[in-house]
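Reading through the C-alpha cells given below for one structure.
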Amino acid sequence: MYIWIKQLHVLTAVISITLFVLRFYWKWRGTAVMQRRWVKITPHVNDTVLFVTGIVLIYLTQFYPFTVQGVWMTEKLIAVIIYIGLGHVALGKKAPNQMVRSTAFMAAILCLYFIVILAMNKIPLVMG
Ligand code: HEM
C-alpha cells in the first residue's frame with residue numbers, strides 16, 4: 001500500500017510541475033488554451049490528490065512536521081506554502097505586470113527545486 005501511495009504522490013508531483021510550467025507558458029503567450037475547461041479543473045483535481053497522498057505518507061512514514069525527526073518535512077511544507085503563493089502571483093489576475101509574473105514564476109521553480117531536494121534527501125536545509 002505504501003509504495004502505491006508514494007508512486008501516486010510522485011506521479012501527481014510530476015503532473016503538477018508540468019501543468020504549472022505549461023500554464024505559465026500559455027498565459028505568457030496569451031493562448032486560448034487557458035480558457036479550456038480541463039486546463040482550469042485538472043490542476044486542482046491533481047493537486048488535491050498530491051496533497052491527500054502527502055498527508056497519508058506523513059501518517060505512514062511518521063515524518064510528522066514540527067517534530068525533531070520531521071524538520072525536513074516542516075521545511076518542505078513551508079516551501080509548498082510559498083510555492084502556492086508564488087504560483088498564484090505567476091498565474092493569477094492580480095500581478096501588475098509581466099515582470100512581476102516572471103519573477104514569481106522563477107521563484108516558484110526555485111521553491112520546487114528545494115521541495116524535491118528535501119523530499120529526496122530528507123535532510124533539513126535551514127533548521128537542521
Ligand atoms: C509541490 C508539492 C510537492 C512535491 C513536488 C512533492 C514531491 C515529493 C517527492 C518527489 C517525493 C519522493 C521522494 C523520494 O523519492 O524519496 C515526496 C515524498 C514525500 N512527500 Fe511530497 N511533494 C509535494 C507535496 C507534499 C505535501 C503537501 C505533503 C504533505 C502534506 C508531502 C509529503 C510527503 C512525504 C511524507 C514524503 C515521504 C515519503 C517517503 O519517502 O517515504 N508532499 N514528495
Side-chain angles (χ1 to χ4, degrees):
M1 149 102 155
Y2 160 76
I3 203 73
W4 288 106
I5 303 283
K6 183 158 162 170
Q7 270 171 2
L8 187 57
H9 185 71
V10 175
L11 177 71
T12 48
V14 171
I15 294 173
S16 183
I17 296 167
T18 309
L19 285 176
F20 176 61
V21 174
L22 273 176
R23 282 189 298 158
F24 180 76
Y25 175 72
W26 288 330
K27 187 142 193 134
W28 178 63
R29 292 284 308 266
T31 56
V33 190
M34 281 303 275
Q35 307 310 321
R36 298 233 178 109
R37 232 173 93 88
W38 76 266
V39 178
K40 289 184 178 173
I41 297 168
T42 318
H44 296 294
V45 175
N46 183 74
D47 290 351
T48 305
V49 179
L50 176 65
F51 194 75
V52 171
T53 51
I55 303 276
V56 177
L57 282 174
I58 288 180
Y59 174 74
L60 292 176
T61 59
Q62 309 276 298
F63 283 125
Y64 292 108
F66 311 108
T67 62
V68 177
Q69 72 275 18
V71 178
W72 70 272
M73 192 63 232
T74 313
E75 291 186 353
K76 183 175 152 169
L77 280 183
I78 293 169
V80 168
I81 292 165
I82 297 171
Y83 164 67
I84 293 170
L86 289 167
H88 273 102
V89 176
L91 297 174
K93 294 189 183 86
K94 290 201 184 89
N97 55 48
Q98 189 59 41
M99 180 72 185
V100 173
R101 244 182 235 295
S102 302
T103 309
F105 174 75
M106 283 184 286
I109 295 292
L110 191 67
C111 260
L112 281 173
Y113 170 76
F114 288 128
I115 292 168
V116 173
I117 290 292
L118 281 164
M120 285 169 70
N121 297 344
K122 298 175 180 54
I123 299 167
L125 291 171
V126 183
M127 298 182 265

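Throughout, residue positions are numbered sequentially from 1 according to the sequence presented. Counting starts at 1 for both ligands and their atoms, in listed order.
- Protein N/O/S atoms found under 2.8 Å from atom 21 (Fe) of ligand 1, listed by chain and residue number: His9 NE2, Lys76 NZ.
- Contacts of Phe114 classified as ring pair (Phe, Tyr, Trp, His ring centres under 6.0 Å), with partners at least two apart in sequence or in another chain: none.
- The shortest heavy-atom contact between Thr12 and Thr53 is OG1-OG1, 4.3 Å.
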Pairs under 3.5 angstrom only: tabulate donor-acceptor contacts from the side chains of residues 58-87 to other protein residues two or more places apart or in another chain.
{"residue": "Thr61", "atom": "OG1", "partner": "Leu57", "partner atom": "O", "Å": "2.6"}
{"residue": "Thr61", "atom": "OG1", "partner": "Phe63", "partner atom": "N", "Å": "3.4"}
{"residue": "Gln62", "atom": "NE2", "partner": "Tyr59", "partner atom": "O", "Å": "2.9"}
{"residue": "Thr67", "atom": "OG1", "partner": "Tyr64", "partner atom": "O", "Å": "2.5"}
{"residue": "Thr67", "atom": "OG1", "partner": "Gly70", "partner atom": "N", "Å": "3.3"}
{"residue": "Thr74", "atom": "OG1", "partner": "Phe66", "partner atom": "N", "Å": "2.8"}
{"residue": "Thr74", "atom": "OG1", "partner": "Gly70", "partner atom": "O", "Å": "3.0"}
{"residue": "Glu75", "atom": "OE1", "partner": "Leu125", "partner atom": "N", "Å": "2.6"}
{"residue": "Glu75", "atom": "OE1", "partner": "Val126", "partner atom": "N", "Å": "3.4"}
{"residue": "Glu75", "atom": "OE2", "partner": "Val126", "partner atom": "N", "Å": "2.8"}
{"residue": "Glu75", "atom": "OE2", "partner": "Met127", "partner atom": "N", "Å": "2.5"}

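- Looking at atom 41 (O) of ligand 1, its nearest protein heavy atom turns out to be Tyr2 OH, 2.3 Å.
- Linking Ile, Leu, Val, Met, Phe, Trp and Tyr residues whenever their side-chain heavy atoms come within less than 4.5 Å places Tyr25 and Met34 in a single cluster.
- Placement of Leu50 and Ile55 in two distinct hydrophobic clusters is found when ILVMFWY residues are connected by side-chain heavy-atom separations under 4.5 Å, directly or transitively.
- Leu8 pairs with exactly one of Val56, Val49, Val52 by the side chain to side chain contact (heavy atoms under 4.5 Å, CB included) rule, that one being Val49.
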Starting from the C-alpha separation in whole Å, work towards a yes-or-no answer on side-chain contact (heavy atoms from CB on, under 4.5 Å) for Leu118 and Ile115.
-> CA-CA 5 Å; Leu118 281 164; Ile115 292 168; 5.9 Å; no
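- Heavy-atom proximity to atom 36 (C) of ligand 1, evaluated over Tyr113, Phe63, Trp72, is greatest for Trp72.
- A pairwise comparison of heavy atoms in Arg101 and Gly92 identifies NH1-O, 2.6 Å as the closest pair.
- Heavy-atom separations between Phe51 and ligand 1 include at least one value shorter than 4.0 Å.
- Atoms of ligand 1 found under 4.0 Å from any heavy atom of Ile58, numbered from 1 in the order shown, are 29 (C), 30 (C), 35 (C).
- The heavy atom nearest to atom 32 (C) of ligand 1, considering only Gln7, Lys6, Met73, is found in Met73.
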Quick one: side chains of residues 14-21, donor-acceptor pairs under 3.5 Å with protein atoms, not counting sequence neighbours, listed by atom name and distance.
{"residue": "Ser16", "atom": "OG", "partner": "Asp47", "partner atom": "OD1", "Å": "2.9"}
{"residue": "Thr18", "atom": "OG1", "partner": "Val14", "partner atom": "O", "Å": "2.7"}

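- Within the listing of ligand 1, atoms 16 (O), 39 (C), 40 (O) sit less than 4.0 angstrom from a heavy atom of Lys122.
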